[in-house]
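To start, the structure under review is shown below, and the notes come after it.
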Amino acid sequence: MSETKTDYRATLNLPDTPFPMRGDLPKREPGWVKEWEDKGLYKRLREARCGHEKFVLHDGPPYANGQIHMGHAVNKILKDMIVKSRQLKGLDAAYIPGWDCHGLPIENAIEKKHGRNLPRDEMQARSRAFATEQIDIQRADFKRLGVLGDWDHPYRTMDFRNEADEIRAFKRVIERGFVYRGLKPVYWCFDCGSSLAEFEIEYADKKSQTLDVGFRSAEPDRLAAAFGVGRLAKDAFIVIWTTTAWTLPANQALNLNPELDYSLVDTERGLLVLASVLVEDCLQRYGLQGGTVLATVKGEKLGGLEFQHPLYDVDPGYRRLSPVYLAEYATAEDGTGIVHSSPAYGIEDFNSCVAHGVKYDDILNPVQGNGAYAPELPLFGGQNIWKAAPQIIDTLRQAGRLFATETITHSYPHCWRHKTPVIYRAAAQWFIRMDQGEGVFTRDKAPATLRQMALAAIEETSFYPENGKARLRDMIAGRPDWCISRQRSWGVPLPFFLHKDTHELHPRTMEILDIAADMVQAGGIEAWSKASPEEILAKVGAAADAAAYARSTDILEVWFDSGTTHTTVLKGSHQGSGHESGPEADLYLEGHDQHRGWFHSSLLTACAMYGRAPYRGLLTHGFTVDSQGRKMSKSLGNGVDPQQTTQKLGAEIIRLWVAASDYSGDIAGDDKILARVVDAYRRIRNTLRFLLANVSDFDPARDAVPLAGMLEIDRWAMNRAAQFQAEVLAHYEVYEFHPVVAKLQVYCSEDLGAFYLDILKDRLYTTAPRSHARRSAQTALWNITHAMLRWMAPFLSFTAEEAWKVFGTSDSIFFETYAEIGAPDPELLAKWSRIREIRDFVNQAIESERAAGRLGSSLQANLSLRLGQQDVELLRSLGDDLKFVFIVSKVTVEPASPADDVQPGEGRFIAVPSSDPKCERCWHWRADVGRDPAHPTICGRCVSNLFGAGEDRRHA
């Protein structure tokens, strides 16, 4: 009868877990999203943290138009990671998502579909419906990314309450003395058909024709006297240089610098007035030889002289004179040193002309809002200004007034929505004043200027990264007054009535603002549009004024919408979601372009209303770019689509990519980069699976070993986890994620995979299931798993939640707080750091023998070490457990002799094959294999672990 062979593999404590090796993220993630929604997870999280210290990240609203792109995904995931990391800290970290709903893109979409002649209230109603549809599309995509928030109750700038509170916020800005009406050149976009704010402008290259144009002297005798010369024998011209031919029909003045030297130059084309330092360059540009300087004077001597418009002799409509005004902004850096002035189309021109007595009503402004000249403009009426420019140049050439022209490429302001060139255009607009001055209906004048308060508030704000501070400060320091009126329909109205003759505001304006807010809160901005002037004015007892006053059709620009959400949302529609005093939010987080956008407008409105910033901190991230650093765009075809990536790889991979990227700069992504992220995810998931699998039979209430009673390497593992957690939380505190991801990968692969777990497998698998040695290891693993799930939950939210279902006790990992694993022991960490260094040398020696074919696995090795005395004592402190650390079958440690020639910190490491038999169960090569006749193929320690008291393990 043959003996039955024992299957010792069945006696090992092999790991077991329902947590699968494959993530199958695209298939599993939608289930987590649905479960979170079905269980009302976000609401329950708020209830769980009710009464705790608040953390408020206020959402900068994306625009409610079109599917989200990867830039949106990066933004929302960053916000989600920050909120979740604060939630795990134990704070009440609410997240109210929002949408920016008013504005031109939606209005354009409605006009394309239904035409431009819709009644105002119908345009608004259709725009509202369109924005609602777009929000539903975007919301689904944001939720699919694993972003937790109050998705059932977001804020929308078009909600009636928010629209009404925006009017109330505007009233407060008026009361503080910052609002005034003025005629000023403002940025104007022909595609928008409206004025633009400074932060709606971006600069791009544009080709333009430069022109050197002569204005003939209307007073040759006065000109001669100014230069101190006799009677002029030729026609004299003052020559200007410009890149904007289209402004010349509206020329009304000329500007010279009073401190510059100007020369009267005799040439074959007449006498020319030019800046002295530019004479040689100008004559060369004009192709003139041998010009003679007749006299030179300071610019101040030429003030008040008059010259004929360059088209004076071409059409009676241009028979006007251009006086010389003295202005310091005329320089000799380029051109001719003389600036032609069309006050409707330039801030400095406007200011100079007004300062010299030009009345607002006398300012020529022939360019209409659509980019065409007014029909009555002589020669060029009805033409688009860009298309008219060549004709203007030809007309000047034929009139003998064009001295030179050439094509240049220069940086020029463009509309950031349409990417088309804009102009300055004078229009009666409403402004928020940055510096000293009087506002309308001031009742509670602010103690300082808006610029002063905003600059002071910046000093009180934390910036991540720090260089954002200088960027925002410079923008505030140099920005002009804020033009807040727009000539569109889809937006919150400027609820003003202006006298038809004087253009003065109705004396009951502040009451009308209250009435408007109440009407809008009840029925939206459509209610204001539908009501007649008589109805509205009757509410303030002024119905009889309806015939004398016109209702403004302007709206507040959309940056005022989102810029006041610190009040309309955090103190209004979602009251209680912000801080009750001081800045309403702890953090605003957006792309770095928002220094000129939402950060900027929010700062100005909060300072205007309250004298402080609405945020304690500003965090900026870069744009999404491809691996070559090119901004992702549809036109280049280099974008990574979040919807496709989610379907193919899973949202978790996008989240890990975002977390692993240094968002302070641009964030690079493409298929190859995402493939590397997938590999990193697998390594982290495999480590997590090992941890879960090896604590599947561990009950902490019954099995946990106190720290003091744990094996030394297990205590080291606990201390290393405590040390690592301190690093992680320090990074989270300052909103850093990429160092956490990088360190977590190293922790999983080196601290755990290549060291601790590698050593631990023998003890986990071969010792008795309930032995002290195994329970000590499981105690460490159980605590590390608890800690690790919390470290990764902010960015690997789906995976952490999936693991928590296997491992945790509450309904969600996000109900938890960071694990309490004590403070690290520096001495223990230092000891095992040196042991790991020695182990690396040992592994090199073993690998060398394996490569030479003299050794199989490391367990076949008998190891002899010759080391310095300090290292000898260190290793001998581990006793016989040292062999488990090096994963060999036998170790001897001796002090190095002089003959060993060992340098400090180094040693001699000799690995030779064991001559002992190999244990079938634990694979160690030991002399006691087979000493128990009942178990001839296993070693003594396996016999003891299976049938006896078990081996004594103290250190490893």
Pairs involving residues 428-449, ordered by first then second residue, that meet side-chain hydrogen bond (donor to acceptor under 3.5 Å, both in side chains) (sequence neighbours left out): R172-D444, Q429-S485, Q429-Q487, D435-R451, T449-Q452
Pairing residues for F178 by the ring-ring contact (aromatic ring centres under 6.0 Å, His included) criterion, not counting sequence neighbours: none
Residues that A374 engages under side chain to side chain contact (heavy atoms under 4.5 Å, CB included), provided they are two or more places apart: Q368, E376
Full working for side chain to side chain contact (heavy atoms under 4.5 Å, CB included) between R401 and F215: CA-CA 7 Å; R401 297 295 181 263; F215 288 61; over 6 Å; no
Under 3.5 Å donor-acceptor, T405 side chain and T210 backbone: yes
Modelled atom types, side-chain donor and acceptor of Y345 and N365, under 3.5 Å: yes
Listed once per pair and sorted, the ring-ring contact (aromatic ring centres under 6.0 Å, His included) pairs that draw on residues 432-458, sequence neighbours left out: none
L603 versus P614, closest heavy-atom pair with distance: CA-CD, 4.1 Å
Exercise: identify the closest heavy-atom pair between I555 and S489: CG2-O, 4.0 Å
Inter- and intrachain pairs under salt bridge (Lys or Arg N to Asp or Glu O under 4.0 Å), touching residues 179-189, at least two apart: K184-D481
Y318 (side chain) donor-acceptor with P378 (main chain) under 3.5 angstrom: yes
Partner set under side chain to side chain contact (heavy atoms under 4.5 Å, CB included) for T244, not counting sequence neighbours: T242, W246, T247
Whether K206 side chain and P413 backbone form a donor-acceptor pair below 3.5 Å: no
Pairing residues for T292 by the side chain to side chain contact (heavy atoms under 4.5 Å, CB included) criterion, not counting sequence neighbours: D266, L294
Heavy-atom pair of closest approach, residues L505 and Y549: C-CE2, 4.2 Å
Q308 side chain to A218 backbone, donor-acceptor under 3.5 Å: no
Heavy-atom closest pair, residues A426 and L183: C-CD1, 4.0 Å
Geometric cation-pi criterion, R269 with Y286: 6.0 Å, 45°: no
Partner residues of F431 under the ring-ring contact (aromatic ring centres under 6.0 Å, His included) criterion, sequence neighbours left out: Y180
Residue pairs passing the side-chain hydrogen bond (donor to acceptor under 3.5 Å, both in side chains) test where at least one lies in residues 388-398, sequence neighbours excluded: Q383-Q391, D394-R397
Stepwise salt bridge (Lys or Arg N to Asp or Glu O under 4.0 Å) test for R488 and E557: CA-CA 9 Å; R488 303 299 299 187; E557 70 134 335; over 6 Å; no
Separation of I423 CD1 from W188 CH2 (nearest 0.5 Å): 9.0 Å
V358 side chain reached by Y325 side chain, heavy atoms, under 4.5 Å: yes
Which residues share a ring-ring contact (aromatic ring centres under 6.0 Å, His included) with Y373, sequence neighbours left out: none
When the side chains of residues 251-259 are checked against the rest of the protein, which donor-acceptor pairs come out under 3.5 Å, sequence neighbours left out?
from, atom 1, to, atom 2, distance (Å)
N251, OD1, S322, OG, 2.5
N251, ND2, A253, O, 2.9
N251, ND2, H340, ND1, 2.8
N251, ND2, S341, O, 3.4
Q252, OE1, L364, N, 2.9
Q252, NE2, D362, O, 3.0
N255, OD1, S352, OG, 2.8
N255, ND2, Y329, OH, 2.8
N257, OD1, E259, N, 2.9
N257, ND2, E328, O, 3.2
N257, ND2, A330, O, 2.9

Derivation of the side chain to side chain contact (heavy atoms under 4.5 Å, CB included) call for D349 and V339: CA-CA 9 Å; D349 294 354; V339 176; 4.2 Å; yes
Ionic contact status for D554 with R486, cut-off 4.0 Å: no
Euclidean distance, T331 OG1 relative to L260 CG, rounded to 0.5 Å: 7.5 Å
Qualifying residues under ring-ring contact (aromatic ring centres under 6.0 Å, His included), relative to W241, sequence neighbours excluded: none
Inter-residue atom distance Y360.OH - C353.SG, 0.5 Å rounding: 12.0 Å
Gap between atom OG of S552 and atom NE2 of H506 - 0.5 Å precision: 14.5 Å
Any donor-acceptor pair under 3.5 Å from E590 side chain to F599 backbone: no
Any donor-acceptor pair under 3.5 Å from S664 side chain to P465 backbone: no
N/O donor-acceptor pair under 3.5 Å between H600 side chain and H595 backbone: yes
Ring centers of Y412, Y203 separated by less than 6.0 Å: no
Distance-minimising heavy-atom pair for G382 and A372: O-CB, 3.9 Å
Nearest heavy-atom neighbours spanning V422 and Y187: CG2-CD2, 3.8 Å
Polar side-chain atom of R176 near backbone of A608 as donor-acceptor pair, under 3.5 Å: yes
Candidate pair I338 and Y262, rule side chain to side chain contact (heavy atoms under 4.5 Å, CB included), full reasoning: CA-CA 9 Å; I338 300 105; Y262 290 87; 3.8 Å; yes
Evaluation steps, side chain to side chain contact (heavy atoms under 4.5 Å, CB included), between L248 and L211: CA-CA 10 Å; L248 282 165; L211 294 87; 4.1 Å; yes
Straight-line distance of L618 CG to F463 CZ, nearest 0.5 Å: 5.0 Å
Nearest-0.5 Å distance, CH2 of residue W598 to OH of residue Y588: 4.5 Å
Main-chain N/O of H102 paired with Y63 side-chain donor or acceptor, under 3.5 Å: yes
